[in-house]
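A quick write-up on the structure given underneath.
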Amino acid sequence: MITNRKRLSSGLSVTSKVFVRSRNGNALKIVREHYLRNDIPCYSHACHKCQEIVKPDAQGQLPKFILSSSPTKTKDGVSHYVVIDTNIILHAIDLLENTQCFYDVIVPQTVLEEVRNRSFPIYQRLRNLVKSEDKRFVVFHNEYNEATYVNREKGQSINDRNDHAIRKVASWFNSHLNTENSPTPIHIIFICNDVDNCTKAKQEGIDARSLVDYIDSLPNGEDLRDLIPSDIVLPGNFEGDQNETVFPEYYSNARIMAGIKNGTLYQGMLNISSYNYLQGTVSVPAFKKPLLIIGSKNLNRAFNSDSVIVELLPKDKWKEPSSTIIEEGSIGADDNAGDDEDDLGEETGGVVSDKERVFLAQEAMKATSSKTNESRLQPTAKIVGVVRRSWRYYVGQIAPSSVSEETGHSSRSCFVILMDKLLPKVRIRTRKAKEYLGQRIVIVVDSWPSNSRYPNGHFVRTLGEIESAEAETEALLLEHDVEYRPFSKNVLDCLPKEGDNWVVPDMTDPQDPQLKKRVDLRDRLVCSIDPPGCVDIDDALHARVLPNGNYEVGVHIADVTHFVKPNTALDQEGASRGTSVYLVDKRIDMLPMLLGTNLCSLKPFVDRFAFSVIWELDENANILKVDYMKSVIKSRQAFSYEQAQLRIDDPTQTDELTNSMRVLLKLSKKLKQGRMDAGALNLASPEVKVHMDSETSDPQEVEIKKLLETNSLVEEFMLFANISVARKIYDSYPQTAMLRRHAPPPATNFETLNDMLNVRKNGMSISLESSKALADSLDRIVDPNDPYFNTLIRIMSTRCMMAAEYFPSGSYGYPEFRHYGLAVDIYTHFTSPIRRYCDVVVHRQLAGAIGYENLDLSHRDKQRMEMIVKNINKRHRNAQFAGRSSIEYYVGQVMRNNEAEHEGYVIKCFNNGIVVLVPKFGVEGLIKLETMGDLATANYNEDKYELTFTDLKGAQRTVAMFDKVTVDVKSVKDEVSGKRRAQLMLR
Amino acid sequence: MELYSPEGLRIDGRRWNELRRFECKINTHPHSADGSSYVEQGNTKIICMVRGPMEPAMKSQVNATSSTVEVNVSLANFSTFERKKRSKTDKRITELKTTLERTFNECIMGHLYPRTLISVTVQVLAQDGGLLAAMTNAVTLALIDAGIAMYDYVSGVNAGLYDQTSALLDLNTLEENDMCSLTIGVIGKSEKLALVVLEDKLPLDRLESVLAIAIAGSHRIRELMDMEVRKHGNMRLAKVSV
Ligand SMILES: [Zn+2]
């Protein structure tokens with residue numbers, strides 16, 4: 001409700017908004033001031049009036065005019081702007097982000113606020129659309145504009161009033177832009193899916209259209225039609241399902257709130273087991289052990305990593321975690337997606353399908369029979385609410401069996417099997433199901449009503465043929481939430497105008513006070529050592545003997561923060577990407593190419609800005625002195641590891657540069673010894689490298705990565721620099737220094753592995769007292785007959801370790817800063833600012849610490865640092881997973897041509913299968929019992945980790961944990977998920 | 001809602017450097033006090049009454065060389081959206097009281113009124129941010145109305161820092177709750193501060209920008225107060241000369 005307006009001397013008019021809110025059952029009358037103004041521009045280049053009324057913001061920036069003066073046209077050639085309604089944004093944000101449509105869009109403030117109240121993530125996506133300027137979206141603050149503000153009539157609902165306000169925006173733009181003297185008419189189209197609102201708009205002379213009508217009116221409308229979300233095309237769609245409820249309804253908000261308060265309900269994140277998609281766990285602070293959620297009815301429509309509300313089941317339903325493998329492929333893959341009732345739920349009395357019931361029964365038997373082992377019993381729970389969905393873009397493929405044979409032009413339902421095995425299949429409607437068969441497609445989940453067995457979604461776009469390198473690469477980037485789109489214009493605008501021609505300015509220029517603070521190190525014999533073909537050279541080194549016999553050693557890191565200034569669009573993009581992502585055949589940069597591979601890259605033979613750490617070390621690599629400085633350097637040579645190694649090993653090379661590398665190598669060995677003595681871990685992971693044919697870029701062969709002495713040379717000095725820098729920034733910023741820690745593994749992580757070692761390998765064990773003890777005990781675990789066994793245990797130990805993480809120093813006490821794996825008390829990342837955002841922050845903090853420039857506030861504020869850290873930890877993890885999946889994909893392609901038998905090791909045992917790791921490819925695969933022998937004869941001895949069965953030839957056979965087995969490795973395409981993976985067959 | 005949108009508009013529609021509606025009156029209660037005033041700064045509404053200079057009731061309040069300013073603050077139970085009873089010893093009230101006493105002891109020409117007490121009562125009718133600033137303005141006006149000699153106007157306003165980057169002038173409650181803010185009282189047209197209160201912490205290198213808009217805002221408020229005082233003065237003068 002609005003009371004009268006009052007004009008102020010400053011040109012504003014003020015009204016007050018009065019509304020009633022209920023709090024704790026009491027009605028509360030709230031009065032707020034609301035100012036109306038006449039200096040809000042239309043942001044259109046076609047308008048000349050508004051240029052004169054604009055006012056600067058707190059940073060002194062004038063608003064940018066974004067809307068084009070020659071906007072896109074409809075099929076009929078009508079140049080138009082679009083005003084969108086709230087429901088369009090909420091349901092079709094993907095379509096708005098699509099680059100083939102929706103340019104020059106006006107978002108009324110009323111709509112923006114409604115979106116923000118309904119879904120914060122969508123609000124953020126909308127804000128990003130506005131910010132990037134690529135698609136020319138503007139927010140028009142109609143609520144603050146005198147000309148467009150509307151009062152709420154007596155008896156009018158808030159919704160009706162807001163609808164009116166939004167329509168008012170459309171009509172205002174129409175009359176504002178199309179006066180007699182405007183050169184080109186610009187039509188305003190109001191897109192709205194509310195029939196009532198549309199009718200009213202038309203009565204008011206506005207061109208209102210539904211989303212479908214609008215898309216149809218575009219020249220490329222035919223292509224875009226399938227992208228319209230299912231629930232907009234046919235509200236209350238997918239009717240057809242059973243009429244009865246399949247899943248229990250979620251509890252009401254009030255009930256959930258009350259339940260959490262009185263401790264009967266708990267909130268946590270759902271983790272679906274990677275071996276059984278019908279089982280998940282939810283960790284809640286109230287219990288030591290995670291709560292088990294078993295069966296789809298209890299999982300109640302939750303997706304992996306949704307934030308859910310759970311309620312405990314009675315104690316008689318508590319059970320052990322399943323040791324059976326269930327993949328979705330094996331259950332219900334042949335269901336019909338159809339809308340016809342006859343096809344669905346014939347024999348399903350509720351949600352439990354027959355196969356599912358069998359598994360559940362087996363499980364129940366087990367829970368009752370193994371009473372002996374009470375301690376393994378885990379409390380179970382059911383999901384009664386979903387607080388936050390983890391829904392995002394999903395990549396999958398249409399299940400061929402779900403595509404109806406009928407031809408016709410109307411859209412039909414079909415199932416999409418997602419690449420992520422932990423997620424259920426999704427039903428979409430499309431007219432082109434047949435066309436999309438055999439392609440990787442991107443979809444979005446829209447809803448999962450309680451009367452539907454499967455979630456409903458809609459098609460977004462296709463990535464291309466399954467197994468084509470482009471489609472698979474893009475798929476895995478999407479699956480790991482890696483931002484891979486090209487940098488937007490406003491990001492690229494932050495780069496130096498000179499582009500590739502940028503050079504280090506004249507160091508004697510007295511104009512630039514910052515230049516004076518740089519140290520000229522161009523006389524030092526600096527070189528870089530990197531993998532062959534490296535173009536983004538982060539780091540370079542030098543060493544020389546000082547007159548007093550000590551050594552001067554310098555580590556020089558690319559001075560990225562000279563170009564990436566805080567709070568610029570470039571900085572924000574880097575912060576949000578967090579890290580570069582390295583795939584087998586592709587690199588997704590954190591920062592634009594120009595910086596990474598040219599201006600920042602410490603290329604040889606040219607001057608470059610660097611951030612240098614210079615130590616004075618004695619013969620035993622003890623630090624006598626350390627200095628940090630922004631510098632300018634000139635690298636003498638860019639070596640690959642092999643080249644550097646050859647040069648060091650070649651006694652005929654006696655030039656200064658080679659000698660200095662020998663000094664570095666000698667000192668690095670001392671450093672390494674020191675770390676090893678302190679208990680640094682050497683944990684192996686099956687790192688493999690894929691060789692590509694340079695002509696066809698087809699993968700040729702797989703090789704386990706080889707390590708040279710020069711690898712370790714560089715690594716040691718990078719660690720050394722990171723440690724020194726960590727101490728320095730912690731000293732200057734005790735609350736907000738960006739550090740990296742690695743927590744010691746909790747003993748429970750190693751329980752199973754140690755038990756297996758004890759049972760299978762005569763009492764061998766891994767000690768967890770300290771990292772040194774762990775390192776030593778790992779050295780002792782050797783099988784004299786099998787040199788690989790030690791590596792295998794190291795690989796398995798790595799999986800029991802905690803992940804290292806970034807953190808601001810204020811969030812832990814000093815003793816907890818410790819990096820367990822490296823055995824140092826404090827650590828950070830400083831040496832790769834081109835590809836890691838952590839290092840960017842550390843560079844700024846170090847520059848602040850040495851008084852080079854003031855540190856930006858965001859790196860001095862604890863809360864801001866927490867947010868930065870949270871994001872880069874997540875990005876870092878995703879990047880690792882993406883890299884691994886990429887290798888997996890290519891290894892699969894290599895195996896395709898190299899089918900053979902190989903050695904493998906049993907690394908997991910279940911009652912219906914085993915998991916075998918093949919060191920040659922670094923792949924592991926599941927071997928199901930039914931492919932090895934007779935199910936009925938199988939007997940799994942849990943205490944001894946042994947699976948006994950009659951094999952296909954009728955012989956009695958036993959496989960056990962750690963057994964070395966011979967397997968046929970074959971690369972097969974899973975027809976259901978379209979994923980190629982190693983299929984292993986036991987010999 | 002966005003506190004400060006990328007388009008440069010605040011939650012109530014103002015821009016970064018705009019004051020809220022400021023209205024004031026003096027001599028509102030001519031019969032019950034020597035000087036009185038009423039101030040509305042946005043939805044913050046204050047009545048102030050001044051009695052004195054007069055003989056102190058207690059010996060302890062006597063200062064042989066100067067007057068003593070005593071401030072009593074009361075917040076009406078209905079001044080916030082949720083009605084709340086507050087005791088007189090509420091910590092926040094005590095803080096407001098001592099801040100105002102200290103400020104005005106400095107700004108009144110106390111040596112003209114030795115051995116006297118100047119009693120100031122501040123009644124808060126409604127709170128919507130900038131409480132201390134509005135009180136300062138109300139006290140200044142009431143003191144002027146009472147004819148007590150002051151060095152100059154003390155005009156107050158608050159300002160805050162949004163997102164560590166944007167300085168915003170004259171915060172309302174919603175804004176105040178979400179950012180660190182600073183209240184200042186400026187003496188006359190100078191840049192001298194009679195009062196600085198900083199809640200929460202503010203990075204030192206941003207202090208200048210926040211102070212700058214706060215001072216500019218205070219000067220604007222001083223003009224508005226001056227207009228009211230002159231208007232009232234002229235009115236009285238007209239009455240006298242009739
Ligand atoms: Zn205009």
Side-chain angles (χ1 to χ4, degrees), chain A residues 6-17 21 23-24 26 28-37 39-41 43 54-64 109 112-113 116-117 123 127 130-131 138-141 143-146 149 566-567 854-858 860-861 863-864, chain B residues 1-2 4-23 40-45 78 80-83 126-129 159-170 172-175 180 200-206 209-210 212-213 217 220 223-224 227:
Chain A
K6 180 167 184 177
R7 188 157 290 279
L8 301 184
S9 58
S10 52
L12 300 183
S13 48
V14 62
T15 70
S16 41
K17 282 207 285 197
R21 188 178 283 171
R23 183 171 293 170
N24 303 332
N26 298 323
L28 207 59
K29 183 181 161 195
I30 294 177
V31 185
R32 295 214 192 286
E33 280 188 307
H34 189 89
Y35 292 85
L36 298 178
R37 46 198 323 125
D39 60 1
I40 296 174
Y43 303 106
V54 294
K55 290 196 181 137
D57 68 5
Q59 261 77 45
Q61 302 283 322
L62 286 172
K64 277 200 210 163
Q109 179 193 5
L112 186 77
E113 278 166 17
R116 190 178 152 118
N117 289 335
Y123 160 79
R127 263 294 176 201
V130 175
K131 197 168 84 183
V138 296
V139 171
F140 180 73
H141 285 263
E143 298 284 355
Y144 300 144
N145 192 330
E146 230 173 349
Y149 185 79
N567 302 318
N854 281 339
L855 179 59
D856 185 66
L857 290 159
S858 57
R860 270 189 270 158
D861 182 279
Q863 277 164 3
R864 295 280 216 98
Chain B
M1 283 222 266
E2 295 164 330
Y4 186 60
S5 69
E7 288 77 21
L9 290 163
R10 290 157 67 174
I11 195 159
D12 57 3
R14 286 180 294 150
R15 294 199 186 275
W16 63 287
N17 56 353
E18 287 172 347
L19 286 174
R20 289 181 286 175
R21 180 178 56 86
F22 182 88
E23 284 174 71
E40 284 191 14
Q41 211 160 336
N43 280 335
T44 299
K45 299 174 186 177
F78 51 80
T80 48
F81 295 133
E82 276 171 280
R83 293 192 178 205
Q127 302 183 47
D128 186 19
L161 188 64
Y162 171 74
D163 198 27
Q164 309 281 3
T165 50
S166 306
L168 303 182
L169 180 65
D170 200 4
N172 64 27
T173 308
L174 286 177
E175 292 174 322
C180 51
D200 206 344
K201 49 186 179 183
L202 195 69
L204 200 60
D205 47 356
R206 296 299 147 97
S209 63
V210 179
I213 63 160
R220 175 83 190 124
E223 272 169 41
L224 294 169
M227 269 162 57

request  = Under 4.5 Å heavy-atom distance to chain B, tell me which part of A/D861 shows up: side chain, backbone, both or neither.
outcome  =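 Just the side chain, heavy atoms under 4.5 Å.
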Under 4.5 Å to a heavy atom of chain B? For A/V31 that would be both
Any [X] side-chain heavy atom under 4.5 Å of [Y] side chain:
{"X": "A/P41", "Y": "B/E7", "value": "no"}
{"X": "A/K131", "Y": "B/P6", "value": "no"}
{"X": "B/E2", "Y": "A/Y123", "value": "yes"}
{"X": "A/V14", "Y": "B/D12", "value": "no"}
{"X": "A/R32", "Y": "B/L174", "value": "yes"}

Between [X] and chain A, with a heavy-atom cut-off of 4.5 Å, which part of the residue counts as in contact: side chain, backbone, both or neither?
{"X": "B/D163", "result": "both"}
{"X": "B/Y162", "result": "neither"}
{"X": "B/R10", "result": "backbone"}
{"X": "B/T173", "result": "neither"}

*Flag, side chain of B/W16 to backbone of A/P56, donor-acceptor distance under 3.5 Å*: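 Yes, because the side chain of B/W16 sits within donor-acceptor range (under 3.5 Å) of the backbone of A/P56.
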- Query: Counting only N and O atoms by type, is there a donor-acceptor contact under 3.5 Å from the side chain of A/Y35 to the main-chain atoms of B/R15?
  - Reply: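 Absent.
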Do you know the tightest heavy-atom contact between [X] and [Y]?
{"X": "B/D205", "Y": "A/L857", "value": "OD1-CD2, 4.1 Å"}
{"X": "B/A167", "Y": "A/A58", "value": "O-CB, 4.1 Å"}
{"X": "B/S5", "Y": "A/R127", "value": "CB-NH2, 3.9 Å"}

Value for CG (B/L9) from CD (A/E143), rounded to nearest 0.5 Å, stands at 12.0 Å
Here the gap from A/E33 atom CD to B/E40 atom CD, rounded to the nearest 0.5 Å, amounts to 9.0 Å
Chain B shares the most heavy-atom pairs under 4.5 Å, among A/K64, A/E113, A/H141, A/R860, with A/H141
Margin query: Tell me which of these, B/G8, B/A126, B/S209, B/S166, has more heavy-atom pairs under 4.5 Å with chain A than the rest.
Written below: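 Looking at each of B/G8, B/A126, B/S209, B/S166 in turn, B/S166 comes out on top.
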